[in-house]
4 protein chains.
Amino acid sequence: MAKSDNTRLFIIETTAPLFNVYGYANTSLADITAATALSKGSIYGNFTNKDELAEAAFSYSAKQQNTALKEAIESVKTPLDKLNAIVTFFASNWAAIKKTGGCPLLNAAVEADDAAEYLKKTVKDSFTSWINTIASVLDAGVKAKTFSKDLDTKQTAALFVMIIEGGVLLAKTYNSNKHMQTAIDQLNHIIKSQILKK
Amino acid sequence: MAKSDNTRLFIIETTAPLFNVYGYANTSLADITAATALSKGSIYGNFTNKDELAEAAFSYSAKQQNTALKEAIESVKTPLDKLNAIVTFFASNWAAIKKTGGCPLLNAAVEADDAAEYLKKTVKDSFTSWINTIASVLDAGVKAKTFSKDLDTKQTAALFVMIIEGGVLLAKTYNSNKHMQTAIDQLNHIIKSQILKK
Amino acid sequence: MAKSDNTRLFIIETTAPLFNVYGYANTSLADITAATALSKGSIYGNFTNKDELAEAAFSYSAKQQNTALKEAIESVKTPLDKLNAIVTFFASNWAAIKKTGGCPLLNAAVEADDAAEYLKKTVKDSFTSWINTIASVLDAGVKAKTFSKDLDTKQTAALFVMIIEGGVLLAKTYNSNKHMQTAIDQLNHIIKSQILKK
Amino acid sequence: MAKSDNTRLFIIETTAPLFNVYGYANTSLADITAATALSKGSIYGNFTNKDELAEAAFSYSAKQQNTALKEAIESVKTPLDKLNAIVTFFASNWAAIKKTGGCPLLNAAVEADDAAEYLKKTVKDSFTSWINTIASVLDAGVKAKTFSKDLDTKQTAALFVMIIEGGVLLAKTYNSNKHMQTAIDQLNHIIKSQILKK
DNA sequence: CATGAATGAGTTTTCATTCAT
DNA sequence: TATGAATGAAAACTCATTCAT
């Protein structure tokens, strides 16, 4: 049981970047067996079908990113520092993120939307989780009276996600982190002008 | 010539929404012949392969959108009105855009990034064209002294694209135009606080 | 169209004995392509899936047998001669029938019963058609007053089918037409003692 | 030894109806482990391969049926009563027989004929055993001078098997025991008109 | 002995592309 | 130029069997 759990995790870890780079429909079982050096039978021994593996791999990628983001948040103290950690997270880790295919939520959201129906709910939940993480930092800042008390924290959190994903999109398209920087600059401007209490 | 050009255009027009909804790799020739009621031979008589058609279909979708945006811009006079037209474009046409699969640039950019290599250049050019369209409105506003003279118009145009695409992403994911509205509100805020001359 | 119909028929004719010999579930697409010297794609171009081909092949086998039986019936005149033609049909053609796998109705009925659900209806209809063919000969004999007027023709026809299939079963199992002869002897006895008017 | 013999028997008893219902080729090891709640290793510890188990399961089914038939025969005294017991055996137990997939000899004979070669001999032996059982009743009747002394007992026994199996075939195909009754009526008629001494 | 993870050859099916007509 | 039958490589998935633990 321990053994099979290990294999299952190994398959997920190994294929998560594959799926993120090539897309969920576009990653074949041949790609998966090549990457894992396991047989098809072994993959199917651990997952009922490709969709189940794809979803597990996406969940893993999303959770990985969320965990890393939360660690960045928890490594600092004040709500403002936490917010800054969120803002710089993508820019700081850009090289690694790009290498494993960019933001898994962006990729999966676009693919899931009209084709990969089975991913839809998981993607939505991942976005919600991300938005909630940001919103709770904003809430803490409001409570601590560092941030403006009129702030619609959920909506602002969603706005942060939009700007970050928009930045990721252009940064990947142009293979240039200049666009990532534009997004960050704007987020910092928003913090100063719309979030911080005056 | 006229006839074959007509057929070619008919194929492009008919398949463009198909590709946008289901993805470029995921749309099969069977889908294409079913949608067009044409034979495979007819498709291959007009395009050397599926990739060429996919690219033509994407270009068509992107151009359609750009043309519609330009029409919206040209229907009003002042740079500020033009900018407002840009901002409201996606929100106003959201129902139609959603039905045909959402923003083709967003979809193709994500798919092209690591998989559909052949689309990459076309996607980049389409984004550049979009950014330039916005930038030229900003430039006109600066020239007309309606907009702040310190404005980095290219960067601001890219920021507009990011926020719009981020809004589209969340609006499609949650099937809710509330998020589209959040994006628009922010763009309006940016116009007021960062673009308009004080 | 003519061409594809030819291919379709060729596939059916070629695979019908295969299915009858090896069973419907047990005949693989590799067997089918080997026997027809056609590609898998060609098979799937003519049939939506293996089940559809299997059913078409069974129908063909059943119809072939029924047609041959009817020809035997029509080649003679009196109801009694026709009945004798039915009785000797399997014994006379035993060599050929054995070579192509035995009675397709027997084989398919056994396989269809609990496994190949999709064949069930077609098999039932084939048996009904066979029983009706025999019953109509019996009816004609009754009408012509050669056969006893008290005859339950449907039930007697079914009895004929039972005895023939029972004979086929043992003849194939023991690879001996002695059992086929036993069945025929009994049918002749039934004709004399239960069917012919006294 | 006792333990492993018990396991072996348990596996055979549990899988015999499975094989009879779904067919020998069509019953997978997954079906077998699911039905027995045993591991694959456990199955392979008790049988060298699936074919060996299939044959053992068939033998078990055949023997079960033969034993039940013999019990029915031995529960009555006179050869005529014994013959009647044989005739009514299938009709009386039809519900149970149908539930476990019908007559295992019929099923296995059809499947074994051209596909499952390994079953062939066992099937033939089972039919022989059945025919002998009936023949010995007939022999006893002849010896007791109840039955006609000219009777070819082996051939008549084979005829009984044919009619019974023919009846089973149509009864299962049409899911109607009316056909079983037709077979029985005919057997009774044969007893009266061809077997009993006049 | 028993387990069940792993295998690899097998299964059915799909699909972009070609080419004789 | 148009057709659509045919292709063959590749897709997802299954399954009897093995073997390290």
Side-chain angles (χ1 to χ4, degrees), chain A residues 1-8 10-11 25-33 36-54, chain B residues 1 3-4 7-8 24-33 37-54, chain C residues 1-8 10-11 25-33 36-54, chain D residues 1 3-4 7 25-33 37-54:
Chain A
M1 200 161 291
K3 196 184 178 190
S4 103
D5 278 7
N6 280 346
T7 305
R8 194 183 156 89
F10 166 71
I11 294 170
N26 226 36
T27 301
S28 74
L29 255 117
D31 296 336
I32 291 164
T33 55
T36 55
L38 287 168
S39 66
K40 286 179 186 185
S42 186
I43 305 297
Y44 279 90
N46 285 285
F47 300 89
T48 54
N49 54 34
K50 200 185 105 175
D51 286 1
E52 199 202 290
L53 168 54
Chain B
M1 170 193 162
K3 190 195 167 198
S4 90
T7 305
R8 194 183 153 88
Y24 291 84
N26 226 35
T27 301
S28 72
L29 254 114
D31 296 335
I32 291 164
T33 54
L38 289 170
S39 68
K40 287 182 181 187
S42 188
I43 305 296
Y44 276 87
N46 285 283
F47 301 90
T48 55
N49 55 31
K50 198 185 107 175
D51 287 0
E52 199 203 290
L53 168 55
Chain C
M1 202 162 291
K3 197 184 177 189
S4 105
D5 278 6
N6 280 345
T7 305
R8 194 183 155 90
F10 166 71
I11 294 170
N26 228 33
T27 301
S28 73
L29 256 117
D31 296 336
I32 291 164
T33 54
T36 54
L38 287 169
S39 66
K40 287 177 185 184
S42 186
I43 305 298
Y44 277 88
N46 285 283
F47 300 90
T48 54
N49 54 34
K50 200 185 106 175
D51 286 1
E52 199 203 288
L53 168 54
Chain D
M1 171 193 163
K3 192 200 167 193
S4 91
T7 304
N26 227 36
T27 301
S28 72
L29 255 114
D31 295 335
I32 292 165
T33 53
L38 288 170
S39 68
K40 288 183 181 186
S42 187
I43 305 296
Y44 277 87
N46 285 283
F47 301 89
T48 54
N49 54 31
K50 198 185 108 174
D51 287 0
E52 200 202 291
L53 168 55

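Lettering follows sequence order; numbering is per chain, from 1. Just so we're clear, the structure is a prediction, and the values are computed from it rather than from any experiment.
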* C:K40 side-chain N/O to C:A30 backbone N/O, donor-acceptor pair under 3.5 Å -> no
* Structure fact -> Separation between CD1 (B:I43) and CD (B:E52), nearest 0.5 Å, reads 12.0 Å
* To do: Starting at atom CD1 of C:I32, determine the distance to atom P of E:dT11, rounded to an integer number of angstrom.
  => 11 Å
* D:L53 CG to F:dA16 P, straight-line distance once rounded to whole Å -> 11 Å
* Asked: Rounded to whole angstroms, how far apart are CZ on A:F10 and P on E:dA5?
  -> 16 Å
* Not counting sequence neighbours, which residues clear side-chain hydrogen bond (donor to acceptor under 3.5 Å, both in side chains) with A:S39? List them please. => none
* Asked: Over how many whole Å does the gap from D:F47 atom CZ to E:dC1 atom P extend?
  -> 14 Å
* Reported CZ-to-OG1 distance for the pair C:F47 and C:T7, which is rounded to 0.5 angstrom -> 9.5 Å
* Between B:N46 and B:R8, which heavy-atom pair has the shortest distance, and what is it? -> O-NH1, 2.8 Å
* Asked: Starting at CD1 of C:I43 and ending at C1' of E:dC15, how long is that distance when rounded to a whole Å?
  -> 17 Å
* Structure fact -> B:D51 meets the side-chain hydrogen bond (donor to acceptor under 3.5 Å, both in side chains) criterion, sequence neighbours left out, with none
* Tell me whether the OP1 or OP2 atom of F:dA6 has a side-chain N or O from C:N46 closer than 4.0 Å. => yes
* To do: For B:N49, check side-chain hydrogen bond (donor to acceptor under 3.5 Å, both in side chains) against everything at least two apart and list the hits.
  => none
* To do: Could you list the residues that satisfy side-chain hydrogen bond (donor to acceptor under 3.5 Å, both in side chains) with B:T33, not counting sequence neighbours?
  => none
* B/S/- contact track for nucleotides 8-15 of chain F, protein heavy atom under 4.0 Å -> B--SSBBB
* Asked: What nucleic acid atoms does B:L38 come within less than 4.0 Å of, heavy atoms only: base, sugar-phosphate, or nothing?
  -> nothing
* Asked: In dot-bracket notation, what is the pairing pattern of DNA chain E, taking Watson-Crick (N1-N3 plus N6-O4 or O6-N4) and G-U wobble (N1-O2 and O6-N3) contacts under 3.5 Å, with [ ] crossing and | for other strands?
  -> .||||||||||||||||||||
